Q: 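My questions will all concern the structure given below.
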2 protein chains.
Amino acid sequence: MFHLTKKLEYSLLAFSYMAQLLPESRWVTAKEISDHYQIPYEVVARCLQHLARAGVLHSWIGAQGGYRLKAGWEKKSLLELYEILEGPMNLVRCLDHDGDCSHVARCTLPVLMRPLNQKLKKFFQDLVLRDVLNLKEVINESKVTTPS
Amino acid sequence: MFHLTKKLEYSLLAFSYMAQLLPESRWVTAKEISDHYQIPYEVVARCLQHLARAGVLHSWIGAQGGYRLKAGWEKKSLLELYEILEGPMNLVRCLDHDGDCSHVARCTLPVLMRPLNQKLKKFFQDLVLRDVLNLKEVINESKVTTPS
DNA sequence: AAAAATTCCGACAAATTTTGTCGGGATTTG
DNA sequence: CAAATCCCGACAAAATTTGTCGGAATTTTT
């Protein structure tokens with residue numbers, strides 16, 4: 001129940017990898033990351049795609065293309081990453097459908113869990129990549145948009 | 001990844017149920033709880049057994065037996081319940097074996113996750129049943145130890 | 001213009017974890 | 001002694017997560 005999913009693990013590793021190169025900043029391929037950490041290519045690749053679609057990374061298709069951190073990435077919270085990769089964060093399913101438990105009328109879980117869920121989300125909202133990855137400060141992300 | 005397990009859900013319902021009866025306090029059977037919430041008997045039953053073994057509930061075997069809240073139950077945290085029911089709370093597996101990832105040397109996850117994990121545990125340690133279940137105060141738990 | 005490198009996408013297969021079921025034993029009450 | 005109950009482990013089923021495959025689209029290189 002409280003294990004990070006591989007999607008999150010791999011995404012964090014990807015961020016970590018890209019952050020390390022930082023003052024440089026270049027296009028990094030999914031393959032490079034998968035090789036470096038020996039994690040399955042297709043899985044990281046999909047994570048990176050989702051993160052790009054969600055606007056946390058730049059992506060560039062084609063030879064010499066890849067991914068690159070997007071300005072402001074270091075302020076993204078674990079909550080945001082979670083919701084990009086896994087959908088809404090809810091302690092109990094019924095909260096997905098706004099407390100419509102439809103299960104037993106007596107089920108008090110949605111009522112009890114709603115405030116708790118808010119707290120949990122707050123907790124992860126306050127954990128931003130900069131802190132999670134232990135970065136002193138993010139030096140500069142060059143505004144390059146084409147590979148070569 | 002952040003859905004409560006049924007074990008936890010059912011246990012919370014059980015606590016909720018027993019707390020509602022409170023100034024009374026009597027032996028409540030697993031069957032009674034399973035019937036009330038329409039949840040599978042064997043599963044709640046096992047949760048209650050674990051909670052009893054862990055000292056959060058009293059149990060009494062035999063006809064007219066059952067379970068009963070044990071003094072101090074309302075100060076038990078969700079972390080404690082979690083660890084009773086599910087084992088140690090760790091965001092990543094390698095923390096189970098104290099960061100021995102054995103995976104790739106480069107894997108920075110254990111290092112990054114250890115402090116995060118601490119924070120998460122703290123978070124759940126601070127959530128105690130009294131608050132989670134919204135109890136004003138716990139009136140009294142009679143010290144009865146035998147059913148009749 | 002063709003080939004190579006890459007992101008993008010969905011369908012599906014495999015592995016793992018969670019959830020539920022069963023059968024039986026032990027203890028207490030009436 | 002019978003009934004009610006807790007106790008326990010093994011296993012089956014369901015759900016979820018993880019990984020694989022096949023292919024399409026875009027860009028760069030030759």
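Numbered from 1 within each chain, the chains take letters A, B, ... in sequence-line order. As the structure is a computational prediction, the values presented were derived from the model and not from experiment.
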Q: Taking atom P of D/dT26 as reference, at what distance in whole Å does atom CH2 of A/Trp27 sit?
A: 17 Å

Q: Apply side-chain hydrogen bond (donor to acceptor under 3.5 Å, both in side chains) to B/Asp131 and list each qualifying residue two or more places apart in sequence or on a separate chain.
A: none

Q: What are the two closest non-hydrogen atoms of A/Pro88 and A/Glu83, and how far apart are they?
A: CA-OE2, 3.3 Å

Q: Are the ring centres of B/Tyr82 and B/Phe124 closer than 6.0 Å?
A: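 No, the ring centres sit 6.0 Å or more apart.
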
Q: Hey, do the aromatic rings of B/Tyr10 and B/Tyr37 have their centres closer than 6.0 Å?
A: no

Q: For B/Lys122, give me all partners under side-chain hydrogen bond (donor to acceptor under 3.5 Å, both in side chains), at least two apart in sequence or on another chain.
A: B/Asp126

Q: What's the shortest heavy-atom distance between A/Val44 and A/Ser34, and which atoms?
A: CG2-CB, 4.1 Å

Q: Taking protein heavy atoms under 4.0 Å as touching, what does nucleotides 3-13 of chain D look like 5' to 3' if B marks base contact, S marks sugar-phosphate-only contact and - marks none?
A: -BBSBB-B---

Q: For A/Gln38 and D/dG19, give me the distance from atom CD to atom P, rounded to whole Å.
A: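 My rounded result for the distance is 14 Å.
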
Q: Which residue pairs pass the salt bridge (Lys or Arg N to Asp or Glu O under 4.0 Å) test when at least one of the two sits in residues 28-52 of chain A, sequence neighbours left out?
A: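 Residue pairs passing salt bridge (Lys or Arg N to Asp or Glu O under 4.0 Å), neighbours aside: A/Arg26-A/Glu32, A/Lys31-A/Asp35.
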
Q: Round to the nearest Å and state the distance from A/Leu51 atom CG to C/dT7 atom C1'.
A: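 So the two atoms are 14 Å apart, to the nearest Å.
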
Q: Can you confirm whether the side chains of B/Glu86 and B/Thr5 place a donor and an acceptor under 3.5 Å from each other?
A: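 Their side chains do contain a donor-acceptor pair, which is all the 3.5 Å distance test asks for.
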
Q: Just how far, in rounded Å, is C1' of C/dT6 from CG of A/Leu57?
A: 15 Å

Q: What is the distance, to the nearest angstrom, from the CE atom on A/Met1 to the C1' atom on C/dT19?
A: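 The answer, rounded to whole Å, is 15 Å.
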
Q: Listed by chain and number, what are the side-chain hydrogen bond (donor to acceptor under 3.5 Å, both in side chains) partners of A/His3, not counting sequence neighbours?
A: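 By the side-chain hydrogen bond (donor to acceptor under 3.5 Å, both in side chains) rule, A/His3 matches B/Arg93.
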
Q: Could you tell me how far apart B/Leu8 (CG) and C/dT18 (P) are, to the nearest whole angstrom?
A: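 After rounding, the reported distance stands at 11 Å.
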
Q: CZ of B/Phe2 versus P of C/dT18: gap in Å, rounded?
A: 13 Å

Q: Between the protein and nucleotides 13-16 of chain C, list the N/O to N/O atom pairs that are separated by less than 3.5 angstrom.
A:
none

Q: What is the separation between atom NE2 on B/His50 and atom P on C/dT19, rounded to the nearest whole Å?
A: 13 Å

